[in-house]
Amino acid sequence: MRLRILDKYIFREVALTFVFSICAFSAVFIGSGTLFRIAKYITDYGASLQAVVKIFIFGLPGVVIWTFPMSMLLSTLLTFGRLSSNSEITAMKSCGISFSRIAMPAIVMGLIVSFAAMAFNEYVVPWANTAYRNVLYYEIEGNTGMKSQEHIILKEINGDKIQRLAYARRYDADIQQLQGITLQEFNEAGKVNTVENADYAEWNGNIWTMHNGVIYDITEEEGKSEHMVRFKTQVLPISANPTQIVREQKELEEMTMKELREQIDILKTQYVDTNKLEAELYQRVTVPMASLVFALVGVPLGLQPTRNSSSAGFAMSVVIIFVYYALMTMGNALARSGVVPPMLAVWMPNLIGMAAGAYLVRRASR
């Protein structure tokens, strides 16, 4: 498909409005959320100017990522509404250009924004969320002690091969104890050759000591146990101290997609419910892809009779965004409860949006 002057014109108009929309929506979110939290940190904890600036900067990526789909919808609505009200769409059609061809630059931009948002959500947002949490917990709240956590996972990797994997159902910071421990040792081929289970492990200042456990030697045949030895105490062969263990654990919003997939695989081996993590994993794709969905919906809706008013286009975008995020919230609830498979539940809003967008584009093309 040859890039024409018309394509460049439409693409530029959509892109300029998109940048404006990003700024507008970000300002709304920052004003209604981030600034209130910063004010709370100042009044409750006496946060310093340096910490406040850090919180503001590190909080921006988490806000901006949600504005990409909204901005794509508003930019297509306003751009095509203006083109239609100025009779530019009519002039294009009179020259024999089909509506689908006119809409193509905006849809291509929606696809570009989707992939850019996916990369941003993978490489920038998790890092920023981790930095945000560290500033809040250690600099503003002034916490020096470690906090208790669920589902502790520790890995020892040599090169690109995993040597040891430790899992604990809970870490109790008050008594420095890991509870419900499973330790897996891997051979050079990357297969499990030893599994150790213990009720708990205590930190004595230098090492972790496991209590009341069992050691299984695993054969290569069908993963069966060849030998089993019970023990009352056994050294847990991990070098991380309690501080390192807690700091290595990440919240869901701090993990990349790769880390989420690894976490899901590990937790499944321990028969832990992973619906929440799977919903988060699929949402890392569906939220960025919503930019393409909103482009499909926004282009034909921009041609509706209400196009003469920019405020009407903004109001229409608010209604569509509300419906989409209501469906997304419902899908997340269904996924996390296990009523519907996580992939289907999380993708539901996008599938509905794509179907609606395809119908609207087809109708506008007639």
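All residue numbers in this chain count up from 1 along the given sequence.
More than 12 heavy atoms of other residues, nucleotides or ligands sit less than 6.0 Å from atom CZ of Arg170. The number of heavy atoms from other shown groups lying within 6.0 Å of CZ (Phe231) is above 12. Residue Tyr9 places its OH atom among more than 12 non-hydrogen atoms of other residues, nucleotides or ligands, all under 6.0 Å distant.
Without hydrogens or angle criteria, Ser71 side chain to Ile22 main chain gives a donor-acceptor distance under 3.5 Å. Judged purely by atom type and a 3.5 angstrom limit, Gln176 has no side-chain atom pairing as donor or acceptor with the backbone of Asp172. In this structure, Gln249 contributes its side chain and Ile153 its backbone to a donor-acceptor pair below 3.5 Å. Under the 3.5 Å distance criterion, the side-chain polar atoms of Thr17 are matched with a main-chain donor or acceptor of Glu13. Checking side-chain atoms of Asn129 against main-chain N and O of Glu253 turns up a donor-acceptor pair under 3.5 Å.
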Exercise for review: Quick one: do Asp199 and Gln179 satisfy side-chain hydrogen bond (donor to acceptor under 3.5 Å, both in side chains)? Show the steps, please.
Suggested key: CA-CA 6 Å; Asp199 291 344; Gln179 301 168 352; over 6 Å; no
Practice item. Output, in order, the C-alpha distance, side-chain angles, deciding distance and verdict of side-chain contact (heavy atoms from CB on, under 4.5 Å) for Asn350 and Met328. Key: CA-CA 9 Å; Asn350 282 20; Met328 188 183 72; over 6 Å; no
Review point. Can you list the steps and then say if Leu73 with Ile320 is a side-chain contact (heavy atoms from CB on, under 4.5 Å)?
Key: CA-CA 9 Å; Leu73 174 63; Ile320 295 172; 3.7 Å; yes
Practice item. Using the side-chain contact (heavy atoms from CB on, under 4.5 Å) rule, take Met70 and Tyr325 through it: C-alpha gap first, then chi angles, then the decisive distance, then the call. Key: CA-CA 10 Å; Met70 303 177 187; Tyr325 284 109; 3.6 Å; yes
Practice item. I would like to know whether Glu278 and Arg336 meet salt bridge (Lys or Arg N to Asp or Glu O under 4.0 Å); could you show each step before the answer? Key: CA-CA 8 Å; Glu278 291 182 59; Arg336 297 187 181 203; over 6 Å; no
Practice item. Please test Asn241 against Ile245 for side-chain contact (heavy atoms from CB on, under 4.5 Å), starting from the C-alpha separation and ending with a verdict. Key: CA-CA 6 Å; Asn241 59 41; Ile245 286 177; over 6 Å; no
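In terms of heavy atoms, Ala106 sits closest to Thr76 at CB-CG2, 4.2 Å. The two residues Pro61 and Val125 come nearest to each other via the heavy atoms O-CG2, 3.8 Å. Residues Met118 and Pro288 come closest through the heavy atom pair N-CB, 3.6 Å. Contact record, Leu178 with Leu236: CD1-CD2, 4.2 Å, taken as the closest heavy-atom pair. Contact record, Ala51 with Ile140: CB-CG1, 3.8 Å, taken as the closest heavy-atom pair. For the residue pair Ser337 and Asn275, the shortest heavy atom distance occurs at C-ND2, 4.4 Å.
Leu344 and Met330 fall within a single hydrophobic cluster, where Ile, Leu, Val, Met, Phe, Trp and Tyr side chains are chained together by heavy-atom contacts under 4.5 Å. The same ILVMFWY cluster, assembled from side-chain heavy atoms under 4.5 Å apart, contains both Ile55 and Tyr45. One hydrophobic cluster holds both Val113 and Phe29 under the rule that ILVMFWY side chains link at heavy-atom gaps under 4.5 Å. Note: the hydrophobic cluster containing Leu16 does not contain Phe20 (ILVMFWY, side chain heavy atoms under 4.5 Å, direct or indirect links). No single ILVMFWY cluster, assembled from side-chain heavy atoms under 4.5 Å apart, contains both Val19 and Ile30.
Under the 4.0 Å criterion applied to side-chain N and carboxylate O atoms, Arg169 and Glu150 are not assigned as salt-bridge partners. The pair Glu280-Lys276 does not count as a salt bridge, with every side-chain nitrogen at least 4.0 angstrom from each carboxylate oxygen. With respect to Lys258 and Glu122, no salt bridge is recorded, no charged nitrogen being found less than 4.0 Å from a carboxylate O. Between Arg82 and Glu88 there is a salt bridge, since at least one side-chain N of the basic residue sits less than 4.0 Å from a carboxylate O of the acidic one.
Counting only heavy atoms from C-beta outward, the side chains of Leu165 and Leu183 never approach each other to under 4.5 Å. A heavy-atom distance below 4.5 Å is found between the side chains of Leu136 and Tyr41. The side-chain heavy atoms of Glu185 and Pro237, taken from C-beta on, include a pair separated by under 4.5 Å. Taking 4.5 Å as the limit, some side-chain heavy atom of Gln234 sits within range of a side-chain heavy atom of Ile215.
Relative orientation of the Phe68 and Phe18 rings is tilted, given thresholds of 30° and 60° on the angle between their planes. Relative orientation of the His151 and Tyr167 rings is parallel, given thresholds of 30° and 60° on the angle between their planes.
Rounded to the nearest 0.5 angstrom, Trp208 CH2 and Gln177 CD are separated by 8.5 Å.
Between Trp66 and Phe25, a ring centre-to-centre spacing not shorter than 6.0 Å is recorded.
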